[in-house]
Amino acid sequence: MRLLVCGGAGFIGSNFVRLRLRESEDEVVVLDKLTYAGRRENFHDFAEDPRFHFVHGAIEDPEAVAAVLDGGAAGGAPVQAIVNFAAETHVDRSISEPDAFVRTHAQGTYVLLEAARERDLRYVQVSTDEVYGSIEDGSFTEDSPLRPSSPYSATKTGADLLVQSYFHTYGLPATICRGSNNYGPYQYPEKLIPLMILNALHGDALPVYGDGMQVRNWIHATDFGRAIGHVLEHGAPGEVYNAGGPDECPNMEVVKRIIELTSADESLIEYVTDRPGHDRRYSLSSAKVRALGWEPRVRFAEGLEQTVAWYRENTWWWEPIRSGDYRAYYERQYGRSLA
Ligand SMILES: NC(=O)c1ccc[n+]([C@@H]2O[C@H](COP(=O)([O-])OP(=O)(O)OC[C@H]3O[C@@H](n4cnc5c(N)ncnc54)[C@H](O)[C@@H]3O)[C@@H](O)[C@H]2O)c1
């Protein structure tokens, strides 16, 4: 199958493309705007693969989308399915600068859906557990009410509803796959796990929001990538599938495990003012996608150890980030500089 992967230069998208090239016969075209989070470095090990093509462009640009779908921009045959990862993904940035979130999630998803409708293409929207909001006990199912709390999750929810409307109104064969918190290699260091790993390796303070007892349901990016592939191949049109990780862990516990794995000092922990509207706990039931034959393979303890090892060994990947614009972002966010 010839697949269009939007947002494939980011963290989960590039892990997904790597998996598809390795584990399927797919030809993959990536369309990506290359925001601060999208990087050509994420293709370093498959950039020369003849089944891989990259096109620089935005999903909200109908001409760029038409050119990749019809084969013109990537010099090949027309695309048969779209998987949309393209998004602004950092909740903190959605609080300080929400406009890009509205543009990409609302306008961008609309442009892709229209293009898919005109060509009757299969469509998978990559979404998040954050659309359900916070849950104290138990786990969200696909029928749980949608109660997003941040501009990030609200605009992701809007995109999901638009996708469902294209199934109900036009019969577009669209599915949605909602993942829990992802971790693994190639994740931009503003997110909790790589932030803590890199700060611990440098002896920088480890900024923990509030009391650090926010619970997340961690899933390795390769497990989420396989769940998305599974939904693409076996999901029923119009359906939503949750893909949660096998383990839950409070943020403070994650930080302490990273301290152990990096032999850093616990005194680096620094409590900072909690994020406004910070959700307390996320938890997903994955029974529906498990019934399709998917299950997570990576337990959190093992995946976290591998992730710490990956960041330790791949300084070439993060050094340019840590010495570039990210420093100014970090100073604005935490009111202190990096070592
Ligand atoms: N990271 C998580 O924990 C998590 C969990 C569940 C779901 N998700 C979802 O998975 C998807 C990917 O997340 P990620 O963590 O890999 O994000 P990321 O920020 O690492 O990557 C996002 C990618 O989208 C690209 N992009 C942004 N706006 C674009 C636009 N308008 N047009 C084209 N490309 C654009 C960026 O350049 C980048 O390559 C998102 O839809 C996100 O909501 C993420």
Side-chain angles (χ1 to χ4, degrees), residues 4-18 29-43 54-62 64-65 68 82-94 99-112 124-132 140 148 150-160 163 176-195 216-225 227-228 231 240-245 254 279 282 284 286 307 317 321 326:
L4 173 62
V5 177
C6 302
F11 160 50
I12 309 173
S14 62
N15 275 293
F16 174 78
V17 173
R18 185 171 292 107
V29 185
V30 165
L31 175 69
D32 197 293
K33 193 175 179 174
L34 297 181
T35 66
Y36 73 94
R39 302 178 71 215
R40 289 176 195 269
E41 285 87 336
N42 294 351
F43 307 144
F54 174 68
V55 178
H56 184 196
I59 58 167
E60 63 271 24
D61 175 351
V65 169
V68 280
I82 302 177
V83 182
N84 181 27
F85 291 86
E88 292 290 335
T89 58
H90 194 36
V91 175
D92 288 339
R93 292 186 195 248
S94 85
D99 53 339
F101 290 72
V102 177
R103 191 176 321 116
T104 293
H105 303 171
Q107 186 69 16
T109 304
Y110 159 72
V111 168
L112 291 179
V124 179
Q125 178 77 357
V126 178
S127 186
T128 163
D129 56 0
E130 299 196 28
V131 301
Y132 300 115
F140 289 119
S150 68
Y152 164 67
S153 51
T155 50
K156 288 293 291 184
T157 307
D160 283 9
V163 171
I176 298 173
C177 188
R178 295 186 178 136
S180 57
N181 273 61
N182 276 237
Y183 70 100
Y186 305 96
Q187 188 169 28
Y188 196 81
E190 65 192 352
K191 304 282 167 54
L192 181 79
I193 288 182
L195 167 77
R216 301 295 181 254
N217 181 191
W218 294 100
I219 185 168
H220 195 273
T222 53
D223 275 335
F224 189 36
I228 294 163
V231 168
V240 176
Y241 296 89
N242 290 341
V254 175
D279 287 332
Y282 298 130
L284 282 183
S286 313
T307 304
W317 185 86
I321 300 177
Y326 175 70

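Because the structure is a prediction, the values reported are computed rather than measured. Every number for a ligand or one of its atoms is a count from 1 in the order of the listing.
- The closest approach between any non-hydrogen atom of S127 and ligand 1 is below 4.0 Å.
- With a heavy-atom cut-off of 4.0 Å, Y186 does not touch ligand 1 at all.
- Here the heavy atom of the protein found nearest to atom 10 (O) of ligand 1 is V126 CG1, 3.4 Å.
- The shortest side-chain heavy-atom distance between V55 and V30 does not fall under the 4.5 Å cut-off.
- Ligand 1 is never approached by G8 to a heavy-atom distance shorter than 4.0 Å.
- Between F16 and F85, the two ring planes are tilted [angle within 30° to 60°].
- Taking CG of N42 as the reference point, atom CD of Q187 lies at 11.0 Å (rounded to 0.5 Å).
- Here the CZ-OG distance, from F224 to S180, works out to 8.0 Å after rounding to the nearest 0.5 Å.
- If you take CZ on R103 and CD on E88, they are separated by 8.5 Å, rounding to the nearest 0.5 Å.
- Taking CD of E190 as the start and NE2 of H90 as the end, the distance is 4.5 Å to the nearest 0.5 Å.
- Scanning the protein heavy atoms around atom 34 (N) of ligand 1, the nearest turns out to be K33 N, 3.1 Å.
- What sits closest to atom 36 (C) of ligand 1 on the protein, heavy atoms only, is T35 OG1, 3.3 Å.
- Looking at heavy atoms from C-beta onward, Y183 lies out of side-chain contact with I219 at the 4.5 angstrom threshold.
- With contacts defined as side-chain heavy-atom distances shorter than 4.5 Å, the pair I321/W317 qualifies.
- Contacts between L34 and ligand 1, counted as non-hydrogen atom pairs separated by less than 4.0 Å, involve the backbone only.
- Closest protein heavy atom to atom 39 (O) of ligand 1: D32 OD2, 2.6 Å.
- In terms of protein heavy-atom proximity, atom 8 (N) of ligand 1 is closest to I12 CD1, 4.0 Å.
- Considering backbone and side-chain atoms together, K156 places an N or O closer than 3.5 Å to an N or O of ligand 1.
- A donor atom on one side chain and an acceptor atom on the other are not found under 3.5 Å apart for N242 and S286.
- Note: an N/O pair closer than 3.5 Å links I59 and ligand 1 by distance alone.
- Regarding atom 43 (O) of ligand 1, its nearest protein heavy-atom neighbour is Y152 OH, 2.7 Å.
- Not a single N or O atom of A86, backbone or side chain, sits closer than 3.5 Å to an N or O atom of ligand 1.
- Counting heavy atoms from C-beta on, the side chains of R178 and D129 never come closer than 4.5 Å.
- Under a 4.0 Å heavy-atom criterion, Y183 is not in contact with ligand 1.
- For Y36 and Y188, the gap between ring centers is short of 6.0 Å.
- Ring geometry for F101 against H105 counts as perpendicular: the plane angle is over 60°, on a 0 to 90° scale with 30° as the lower cut.
- Under 4.0 angstrom from ligand 1, there are no non-hydrogen atoms of R39.
- Only the backbone of S180 comes within contact range of ligand 1, with a heavy atom under 4.0 Å; no side-chain atom does.
- Considering backbone and side-chain N/O of T104, one or more are found under 3.5 Å from N/O of ligand 1.
- The nearest protein atom to atom 22 (C) of ligand 1, hydrogens excluded, is given as A87 O, 3.4 Å; this is a heavy-atom distance.
- Neither the backbone nor the side chain of H90 has a heavy atom within less than 4.0 Å of ligand 1.
- Contact analysis leaves S14 out of contact with ligand 1, as no non-hydrogen atom separation drops below 4.0 angstrom.
- Counting only heavy atoms of the protein, atom 15 (O) of ligand 1 lies nearest to F11 CD2, 3.6 Å.
- Nearest-heavy-atom check against atom 31 (N) of ligand 1 across R103, E60, E88, E130 picks out E60.
- Assignment of F85 to the shell around ligand 1 is supported, since a heavy atom sits closer than 4.0 Å.
- For the atom pair OH (Y282) and CZ (R216), the distance works out to 4.5 Å, reported to the nearest 0.5 Å.
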